[in-house]
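Heads up, the thing below is written out as structure tokens.
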Amino acid sequence: NLITKIILFLKNPKRTTSLQEPSIVAVAVDLSDWEATRRAVEAAGAVHLLVNSAGVAAITPFLEPIFVQVVARGMVERGEGGAIVNISSMTTNVAFPEHTSYCSSKGAVDTLTRVMALELGPHQIRVNAIHPTIVMTDMGRRAWEDPKKHMKYLVRTPMGHFAEPTDISDGTMYLLSDMAKMVNGTILHIDGGLTSN
């Protein structure tokens, strides 16, 4: 599939000012507002591939999947198929202390992924999820800089290091691509083997 435009739906589009790429369009919308989200998605036009990565580092309940519902409905109505990748977390397999809401909400993302795969598969829309390990984004580095906090997970990772953002984006691009045209309802672990240990 040739991707001609990338649309980022963000509460704060200023976060994309460093991206000097004309094919990336930032749209300001609060994804917890159903009507605002519906209007923004409809105004964006046809969406054929979706990466659902709505979430925050704060320990809060999962945002209702209204954004995914709006996009998926459009895919079904157009009848052209599509692919959706939900960004979940390895915390559904490896519980983190003091992350009750986060871990349980990501477990809900996994179940949502499987149900969506069953319901949308007949429309030739594939739905998969990714389980990233700790990712060394700016936010990830700040959150996990304390060795006392990160070493217990690092020593259990056979690869010996955490993920870089490109590790997650590469896996996402695979699941969105035609190379994964028969991959549906799957959870891809990008964790350096941590959850195998």
Side-chain angles (χ1 to χ4, degrees), residues 1 3 6-10 31-32 37 41 47-76 81-96 99-137 139-140 143 153 156-159 162-197:
N1 291 334
I3 298 175
I6 298 172
I7 304 169
L8 301 177
F9 295 91
L10 302 164
L31 298 182
S32 65
T37 299
V41 172
V47 177
H48 300 281
L49 304 171
L50 170 66
V51 179
N52 175 32
S53 185
V56 293
I59 312 306
T60 55
F62 177 65
L63 177 68
E64 288 185 27
I66 57 174
F67 179 62
V68 180
Q69 292 171 5
V70 173
V71 173
R73 186 176 293 116
M75 289 179 174
V76 170
I84 296 171
V85 176
N86 292 321
I87 305 300
S88 183
S89 172
M90 69 167 186
T91 61
T92 65
N93 301 106
V94 180
F96 282 27
H99 284 64
T100 303
S101 295
Y102 182 82
C103 294
S104 58
S105 68
K106 290 302 185 178
V109 172
D110 291 355
T111 302
L112 173 69
T113 297
R114 294 184 185 100
V115 173
M116 289 174 66
L118 290 175
E119 293 186 4
L120 298 176
H123 300 282
Q124 302 308 302
I125 300 168
R126 298 180 298 102
V127 186
N128 295 288
I130 286 180
H131 274 193
T133 185
I134 296 166
V135 183
M136 292 293 98
T137 59
M139 183 172 62
Y153 301 106
R156 291 176 55 192
T157 303
M159 298 291 289
F162 295 130
E164 294 296 327
T166 52
D167 297 319
I168 311 309
S169 61
D170 288 348
T172 301
M173 290 304 296
Y174 162 68
L175 290 174
L176 291 174
S177 77
D178 289 340
M179 290 187 291
K181 62 186 179 184
M182 274 298 287
V183 180
N184 188 35
T186 293
I187 295 172
L188 176 62
H189 297 263
I190 305 179
D191 63 8
L194 191 155
T195 52
S196 297
N197 191 346

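Index from 1, following the sequence.
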**Report entry** From CA spacing to verdict: side chain to side chain contact (heavy atoms under 4.5 Å, CB included), Val85, Leu188
**Finding:** CA-CA 10 Å; Val85 176; Leu188 176 62; over 6 Å; no

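- Listed by first and then second residue, the ring-ring contact (aromatic ring centres under 6.0 Å, His included) pairs that reach into residues 166-197 are His131-His189, sequence neighbours excluded.
- Atom CD1 of Ile187 and atom CG of Asn93 lie 7.5 Å apart (nearest 0.5 Å).
- Between Met90 and Thr195, the closest heavy-atom pair is CB-CG2, 4.0 Å.
- A search for side chain to side chain donor-acceptor pair (under 3.5 Å) contacts involving His48 returns Glu80, not counting sequence neighbours.
- For the pair Val127 and Asn86, the minimum side-chain heavy-atom distance is below 4.5 Å.
- Between Pro132 and Ile130, the shortest heavy-atom contact is CD-O, 3.2 Å.
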Requested in this report: Assess whether side chain to side chain contact (heavy atoms under 4.5 Å, CB included) is satisfied between Ile84 and Leu120, documenting all intermediate values.
Outcome: CA-CA 10 Å; Ile84 296 171; Leu120 298 176; 4.2 Å; yes

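- Of all heavy-atom pairs spanning Met136 and Pro165, the tightest one is O-CD, 3.9 Å.
- Counting heavy atoms from C-beta outward, Asp170 and Ile190 have side chains that stay 4.5 Å or more apart.
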Query raised in the report: Can Arg126 and Thr186 be said to form a side chain to side chain contact (heavy atoms under 4.5 Å, CB included), step by step?
Result: CA-CA 10 Å; Arg126 298 180 298 102; Thr186 293; over 6 Å; no

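- Residues Ile125 and Ala72 come closest through the heavy atom pair CD1-O, 4.4 Å.
- One N or O on the side chain of Asn184 and one on the backbone of Ala117 form a donor-acceptor pair closer than 3.5 Å.
- Pairing each heavy atom of Ser88 with each of Ala129, the nearest pair is CB-CB, 4.5 Å.
- To the nearest 0.5 Å, the span separating CD on Gln124 from CE on Met75 amounts to 13.0 Å.
- Going from atom CG of Asn128 over to atom CG of Leu176 covers 9.0 Å, rounded to the nearest 0.5 Å.
- With sequence neighbours excluded, the residues that form a salt bridge (charged side-chain N to carboxylate O under 4.0 Å, His left out) with Glu164 are Arg141.
- For the pair Thr157 and Asp191, the tightest heavy-atom approach, listed with the atom from each and the gap, is CG2-O, 3.7 Å.
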